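All values derive from a computational prediction rather than experimental measurement. Indexing begins at 1, ligand by ligand and atom by atom, following the structure's order. All residue numbers refer to positions in the sequence shown, counting from 1.
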Amino acid sequence: MRRSTLQCLLFVVSLGMIAPAAFAKVTETDFGKTKDGVEAKVFEVTNKNGMKVRLMNRGATLIGVDVPDRDGKLADVVFGFDDIAGYESKANSYFGCTTGRYANRIAKGKFTLDGKEYKLFTNDGPNHLHGGNGESLDKVVWDGMPFDKDGVSGVEFTYTSPDGQEGYPGKQEMRVTFTLNDKNELKIDYSAKSDKPTVLNLTNHAYFNLGGAGSPTINDHVLKLNADKYTPVDDTLITTGELAPVEGTPLDFRTPTAIGKRVDQLTKTSALGYDHNFVLNRDGAAEGELVEAAKLVDPKSGRTLTVITDQPGIQFYGGNFLTGNKGKGGKPYAYRSACALETQVFPDSPNKQGVEGWTDCVLRPGDEYTHTCVYAFGVEK
Ligand code: BGC
């Protein structure tokens, strides 16, 4: 059921309540038409603190997150564009999208499942990246349904990916639900079912700068990653199959460290900086249990972002491919001026089934894929 803001407010007033739900609201506005003539929509979710989250149906994309700094001043901390044309342009490097069917890289754009080889589009040198070409999940238009219940509000996006889309087997029914609560936590729940055995890895690809999108650097942000190990990559950024210790490398973020402190030690590697998957310490947590994966702090504004997930890995990408293209408000998105923290299974899992310590990415009919990621915002004094 779709409700306007006014209807939501009237509903709450009619119950005579001043409960958290009184503040929760979702509005829906038009965002123009895609190149294919489909209506793009933006849903804005506001909580009682005035935090706002904006979501678009194309790509089930997180296009805006307004959060307070230590003085209560709001800034939009994620990269994006002011119009649909920006999202459809080459300047869009997966900003805020739901990424898949397989987020991250698959070596040489192929994999074998149950003895059959599947070929995918190679859009990243010799490899397949983020689900492929024109019909990867970031580029298709999802159905969006706003909700406002039990003191939380959000949007549920659904999409059916046909059998063979972008070369992936199986018709897949997918759901991505974004929920904002009054603790400034944005929860993303993914689920999927397939009618044939397939591989998948969904994530969100938001680029964060807690000083506000368009601030000049991410190198002044302090990062903590709950990971003793990472997955090294070869010259084409494909994981080698090793799980290597972070100890003694610039990838050791077990104690909070400024991103810029050691990044130059990686500039001449194939990753060009930070662009690695970390093996999250789950410390005996059960499957499906949420653990803290990362914490990002902007010492200047005081804004913090804690990433909590049930996934085994997180890709920390430090914006090495950003080149200054203009985004929201005409601000340039400069080299290393944002980072993505993408919760997921390990890269190239379709070609690493059976490798010790590696993650499973196969979804079979009758089973359900689920994944939860929470972006919890806060402030430090
Ligand atoms: C990858 C980067 C890539 C970026 C944008 C990240 O998830 O790790 O290598 O450049 O996405 O496509």
Worksheet item: Among Y102, W358, Y230, F278, which one satisfies ring-ring contact (aromatic ring centres under 6.0 Å, His included) with F346?
Response: W358

Discussion item. Can you list every protein residue that has a heavy atom under 4.0 Å from any atom of ligand 1, sorted by chain and residue number?
Written reply: S93, Y94, R105, L129, H130, H205, Y207, D275, Q315, Y317, F321, E342

Worksheet item: Any chance the side chains of T240 and E242 put a donor and an acceptor closer than 3.5 Å?
Response: yes

Item to complete: Scan side-chain atoms only and decide if D36 and T34 contain a donor-acceptor pair under the 3.5 Å cut-off.
Response: no

Item to complete: Only pairs at least two apart or in different chains count here, so list each salt bridge (Lys or Arg N to Asp or Glu O under 4.0 Å) that has a residue in residues 296-306.
Response: D220-K300

Worksheet, complete the sentence: Taken in chain and number order and not counting sequence neighbours, the residues that satisfy ring pair (Phe, Tyr, Trp, His ring centres under 6.0 Å) with F253 are Y274, F316

Worksheet item: For F95, which residues count as a ring pair (Phe, Tyr, Trp, His ring centres under 6.0 Å) partner, sequence neighbours excluded?
Response: F79, F81, Y207, Y333

